[in-house]
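One structure below.
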There are 2 protein chains.
Amino acid sequence: MADAEYVNIWMRPERPARGPKPAYSRAQITEAAIRIADAEGVEAATMRRIAAEIGAGAMSLYRYVPSRDNLVELMADRLMGEIDVTGMPSGDWRADLTRYADEWRAMWLRHPWIAGVQRSLPSFGPNQLLLIERLMGVLDAFVPIDENLGLMAMLNGYVEGSVREEISSAGEFRRSGLSESEWMARSGAYIDQLVKSGDYPMFTKIVTEARQPHLSRDEQFRHGLGRVLDCIAAALPAHREGL
Amino acid sequence: MADAEYVNIWMRPERPARGPKPAYSRAQITEAAIRIADAEGVEAATMRRIAAEIGAGAMSLYRYVPSRDNLVELMADRLMGEIDVTGMPSGDWRADLTRYADEWRAMWLRHPWIAGVQRSLPSFGPNQLLLIERLMGVLDAFVPIDENLGLMAMLNGYVEGSVREEISSAGEFRRSGLSESEWMARSGAYIDQLVKSGDYPMFTKIVTEARQPHLSRDEQFRHGLGRVLDCIAAALPAHREGL
DNA sequence: CGCAACCGCGTACAACGTACCCAGTGGAGG
DNA sequence: CCTCCACTGGGTACGTTGTACGCGGTTGCG
């Protein structure tokens, strides 16, 4: 009960004031964990593996991080920091949201394992908070805060949906050690079977028609994003023609 | 390699044809696992615990389910089945999408642990497929399939964002055995500190203004949903005024 | 100069998913 | 009818995980 306020990782100071100089750091540990997760999937980033990566003993990590769950929170927030939102809001909301969406997509493609670490409870690390500040600022002048939240949720839904699909079809095979051929044998045959059965016309349409081969992934993403931003524009009173 | 096609859980038959009558079933096991997850969180649904719930030995489950990961896929798809989409598309797309959103939200509130089991690779179980068929059918007459996908992703983003926030503030304390008071001490004090610091005006605005106490959760959700459907309406050519 | 507070970390343990093996069983072939 | 064997449920055991605990050494403050 004495350090009840330290239950939250973001309130707990990295190190106590007294004592010898520490050999490692939270940032260093987080970095090593992300490196492993990028290369072998997030489940490969075990405490022992991370410790080995930085040349430490497994239990040494617990001098810096209370638990593995908390370390994953640190990793996720570190990734949020890769989304560059400097200079937002710039005044051009469409440019701001486009840049944000592009940055987010690029980050997810660099670290596809982030798709599997969402927690039911939100975390609010410093990078996440900065993102909220900048992003909510973009439309703050146009709509009340609750509508702003709804619009950002819509935007996030589009970006996340697109990138998830992209990750799974481009092949995030690292997860659970699946090789590309194994994944094709597994998912490809199943999808073929569904399509051939004729019972799932919409699913078939998605699989066969939604991917336009003459457009690059980037272009397809940008095109869909344009439609989403049109939707948002329609919801901004200052930009709506009639009414 | 002989049963390479059985790598996918949805292609693997539940039981071989020959032999004695089985004592349990996939459905029964899935149901028991969901019951435990509802009561104690998804991490409490271990193989031994599930087996005990139905009065079986731990290893017996593996006669029905290849792995725990696959069992979680079964659980997730079973939950998709709780979203009632019979009669869709009805012709009234706004009513259809409203019902879908309500059903989804209700399901998530019944089983909040679903927020933590998203996989990077999609699963496409029978209930999920049915959902895709009905839901994509709603706007199929109005927009091409890729725009339809984008619009549904936006809708999903709004619903998921709302419900996630609702879950965490209404208190999904079961996860990792947090009690309500522990969660308040952890998150409440942290949020208070962020607000009092004055460094996060947007975050503060969200926390203090976005929740309107005179409206019920249902009403707030419905209100925001209305705005999202307005956005979608603006994207449907047949419903657009100008152009 | 002492000494308490810190360090890194080796050992140990409980809990997990699950491979392997066993004795029992009931439906198909004779 | 009997025989057989593919199947059953499940006990035991193994490797891996997160992490509690305690050790001997180090360091900066009084």
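Numbers restart at 1 for each chain; the letters A, B, ... are given by sequence-line order, proteins then strands.
- For Tyr62(B) and dG9(D), the shortest distance from a side-chain N or O to OP1 or OP2 is not below 4.0 Å.
- In this structure, Leu61(A) CG and Ile54(A) CD1 are separated by 5.5 Å, a value rounded to the nearest 0.5 Å.
- Taking the side chain of Met59(B) as heavy atoms from C-beta on, and the options dT11(C), dT18(C), dC16(C), the nearest nucleotide is dT18(C).
- Atom-to-atom, CD1 of Ile50(A) to P of dC9(C) comes out at 15 Å; the value is rounded to the nearest Å.
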### Task
Please test Leu194(B) against Trp10(A) for side chain to side chain contact (heavy atoms under 4.5 Å, CB included), starting from the C-alpha separation and ending with a verdict.
CA-CA 11 Å; Leu194(B) 292 174; Trp10(A) 307 113; over 6 Å; no
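- Backbone-only contact: Ala56(B) has heavy atoms under 4.0 Å from sugar-phosphate atoms and none from a base.
- Residue contacts shown for Ser60(A) include a base, since a base heavy atom lies under 4.0 Å away.
- Among dG11(D), dC21(C), dT17(D), the nucleotide with an atom closest to any side-chain atom of Arg63(B) is dC21(C).
- Put simply, CZ on Arg26(A) is 13 Å from P on dG8(C), counting in whole angstrom units.
- A distance of 7.0 Å separates CG of Leu135(A) from CG of Leu155(A), quoted to the nearest 0.5 Å.
- Toward the 5' end of DNA chain C, the nearer of the two residues Arg48(A) and Gly55(A), judged by each one's closest nucleotide, is Gly55(A).
- Both Thr46(A) and Ala23(B) sit near DNA chain D, but only Ala23(B) has its closest nucleotide nearer the 5' end.
- In this entry the distance linking CZ of Arg68(A) with C1' of dT16(D) reads 13 Å, nearest Å.
- At whole-Å resolution of the value, CG in Asp69(B) and P in dC16(C) are 15 Å apart.
- Protein atom CZ of Arg49(B) is 13 Å distant from nucleotide atom P of dG17(C), rounded to whole Å.
- In summary, the aromatic rings of Phe221(B) and Tyr158(B) are positioned with their centroids under 6.0 Å apart.
- Following rounding to the nearest Å, Leu71(A) (CG) and dT19(D) (C1') show an atom-to-atom distance of 14 Å.
- For the atom pair CD1 (Ile167(B)) and CD1 (Ile114(B)), the distance works out to 10.0 Å, reported to the nearest 0.5 Å.
- Distance from the side chain of Tyr24(A) is smallest to dC9(C) among dC9(C), dG18(D), dG9(D).
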